[in-house]
Amino acid sequence: MKLGRFIKAGDGHAKKPRKRAQFDLRLRLMLVGGALGLGAVALVGRAVDLQLIDNAFYQQKADARFRREVPIPASRGMITDRNGEPLAISSPVESLWANPQELSKHPDRLPELAQATGLSLDELARAVSQRADKEFMYIPRHRRISPVVAKRVLDLGVPGVFSQREYRRFYPQGEAVSHVLGFTNIDDRGQEGIELAFDDWLAGKPGAQNVIRDRHGRIVEHVNLVRAAEPGKDLVLSIDRRIQFLAHRELRRAIEETGAAAGSIVVLEVATGEVLAMANLPTYNNNRVTGENRDAHRNRAVTDLLEPGSTMKPITVAAALEKGVITPTTTFNTSPGWIANGRFKTSDFRNYGVLDTTGIITKSSNVGSSMIVHKLDDRYFYDFIRNMGYGRSTGSGFPGEAAGLLPDPSRWSGTDKQVMSYGYGMSVTPMQIAHAYATLGNHGRALPPTFVKGNTGEPRQVLSAKVADEVVRMMQTVTEPGGTGTRAAILGYHVAGKSGTARKASGGGYARRYFAFFAGLVPVNDPRFAMAVVIDDPDTSKGGSTYGGGYVSAPVFQRVMDGALRLMDVPPDDIETWLAAQAANEAKLARQQGRAPAAPGAASVPAATGAPR
Ligand code: VPP
């Protein structure tokens, strides 16, 4: 439409169209201007938007390349013995790592990095190129290293190389306590032993934080803490480091002297079930765990199954006394030293003739045990043994603890009950033997063994206190003249114990190789400690009973128990022999010093002090 036509005409009509035209013109100008203005505003707005808000977005994108959420490792709780002696501690270490993308932009810096880390240039270059598409790699062989070494490398300022704080586990007692403690893996998680059993308690919770790194990969700011690390909790074990050391040392000495293949020792505190010591040989250093010699990692005291042999006899006697079918003075004619059961024969070391119940324990008569068990019905005997802890886990909570084998009576052959009465046809762990003896020593109350100080379980009265105390007194004859365990006698204390020499089952029969046992309780009057010692396969070349439990394991029992009684300030309960020994020592000393022996009253008996229990 030609605008000019209206304007030129000049008539009213034209006037209106002109006004209109102006109006329209103005309108359109405003519209266009407005549109342009809006556009401009939009553009400016977009620019602002880009500059500020999106910038944050692009910045964030940029940051994303440098922003990382890095974990903050939690320090692992310390493990101590019952007196607070450190057994497992975590010390801070550094782990060197690199951002390969960053590092590969500075190939000229690799030689000095290789030199500082002792890596060959091509090994380092290869490692970086293999991860060129990654943002993270550990510098080979530089995990959990000393902060000093890490600092020296970091100070080179090679772009893309950083260090991460971690914790390294350290076991100051090394091989003496390694089976109990176990160890942690490269990620500081428990793998075996107490480290595994209480991993959640010890591990704590790692934290996390966002960090921004500059172009050189150095942390320029800790943007924000996502969550703080929660340190692990400390754990106080029942173990007494001093008794543990003694147990480990004496077990090693016995194995070296007898050429044995292995051994275990368990010391329990009777009143609480706490494990004061648990040692095995062969052992290993849990500060340097290697893949080989897995055999040495086994905590045999809770994993190895063996026939308990004659250490079973006090349990058989207890069952019969509890049932009331015998008394301590009931007599048995064990002549001629063997007893037939079908084609099977149970034999004694020699013909002990007539023995009373106590004598069967004193002399360790297999025949006597067989005669006793025939007075019990199968199910009762089976239930009694199970109540003493055989055929089931002791509940100590130790990872991998074995329950042992106790065949149900429904599967017994004609001779099973007979041979079980003196410890064959069933299998137990050294821990179960110590636990059964602790139950006898605890006046018939069974307590689950525990590795945590103060964590005493609920006692279960599994046999009467009267019978339990009677059997403990019977076992005292074993360590007195005429008994099979006189080498376990301890000056100043009455010792209750039982020796055992069991041929090792092999290929359906029994080899001429042995387990040598000694298990017992001290002091007889209100026993404080129970202990089981097992020596596996002592050398028999010296013949005689030089490989018997009374000869090989009883001395270990004696030395460790003597030490434990002293360390825990247990007052002597056999004052007569204690004073006699003091007088004898004093007389000898006086003779050596050429003086008159001091009056006997002078030797004071150590009274119980408030020593740590
Ligand atoms: S008595 O007390 O330790 O010096 O009888 O392995 O008997 O029937 N040990 N040990 N028996 N088996 N089957 C003896 C002793 C002596 C006794 C004990 C204190 C004088 C000692 C044994 C043991 C034995 C045995 C036999 C040891 C094997 C399995 C049986 C021969 C040494 C038996 C079949 C030589 C089920 O421990």
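By convention here, the first residue in the shown sequence is residue 1. Ligands are counted one by one from 1 in listed order, and the atoms in each one are counted from 1 as well. These numbers come from the heavy atoms of this one structure, side chains and all, not from hydrogens, waters or symmetry mates.
Side-chain contact of Thr362 with Thr477: a donor-acceptor pair under 3.5 Å is present, judged by distance alone. Between His179 and Asn286, the side chains place no donor N or O within less than 3.5 Å of an acceptor N or O (distance only, hydrogens not considered).
Considering both main-chain and side-chain atoms, Thr346 never comes within under 3.5 Å of ligand 1 through any nitrogen or oxygen pair. Considering backbone and side-chain atoms together, Arg503 places an N or O closer than 3.5 Å to an N or O of ligand 1. In terms of polar-atom proximity, Tyr422 is counted as a contact of ligand 1, with an N or O under 3.5 Å from an N or O of the ligand. Below 3.5 Å of separation, one finds no N or O of Thr484 facing any N or O of ligand 1. In terms of polar-atom proximity, Thr501 is counted as a contact of ligand 1, with an N or O under 3.5 Å from an N or O of the ligand.
Scanning Val478, Asn366, Val552 for the heavy atom closest to atom 7 (O) of ligand 1 points to Asn366. Of the candidates Tyr547, Tyr424, Tyr551, the one placing a heavy atom closest to atom 11 (N) of ligand 1 is Tyr424.
Between the side chain of Ser347 and the backbone N or O of Trp338 there is no donor-acceptor pair closer than 3.5 Å. Glu195 contributes no side-chain N or O that, together with a main-chain N or O of Leu181, makes up a donor-acceptor pair within less than 3.5 Å. Between the side chain of Glu307 and the backbone N or O of Gly425, at least one donor-acceptor pair lies under 3.5 Å. Panel note: side chain Asp539, backbone Thr258; no donor-acceptor pair is recorded below 3.5 Å. With hydrogens and angles ignored, the 3.5 Å screen pairs a side-chain donor or acceptor of Asn442 with a backbone N or O of Arg445. Arg300 places no side-chain N or O within 3.5 Å of a backbone atom of Asn280 that could act as its donor or acceptor partner.
The protein atom (non-hydrogen) at minimum distance from atom 34 (C) of ligand 1 is Tyr510 CE1, 3.9 Å. For atom 20 (C) of ligand 1, the closest non-hydrogen atom on the protein side is Phe349 CG, 3.4 Å. Closest to atom 2 (O) of ligand 1 among all protein heavy atoms lies Ser364 OG, 2.5 Å.
Using a 4.0 Å cutoff on heavy atoms, Gly550 does not count as a contact of ligand 1. Taking 4.0 Å as the cut-off, Tyr514 counts as a neighbour of ligand 1 on heavy-atom distance. The shortest separation from a heavy atom of Ala502 to ligand 1 is under 4.0 Å, placing the residue in contact.
Every atom of ligand 1 with a heavy atom of Val419 under 4.0 Å away is listed here by number and element: 36 (C). For ligand 1, the atoms closer than 4.0 angstrom to any heavy atom of Gly500 are 37 (O). Taking a cut-off of under 4.0 Å to the non-hydrogen atoms of Ser545, the atoms of ligand 1 that pass are 4 (O). In the vicinity of Ser310, heavy-atom distances shorter than 4.0 Å reach the ligand 1 atoms 2 (O), 17 (C), 18 (C), 37 (O).
The aromatic rings of Tyr424 and Tyr510 lie perpendicular to each other, with more than 60° between the two planes, well past the 30° mark.
Salt-bridge formation is not detected for the pair Glu85/Lys453: no Lys NZ or Arg NE/NH1/NH2 atom is positioned less than 4.0 Å from an Asp or Glu carboxylate oxygen.
A cation-pi geometry, defined here as NZ or CZ lying under 6.0 Å from the six-membered ring centre and within 45° of its normal, does not hold between Lys417 and Phe381.
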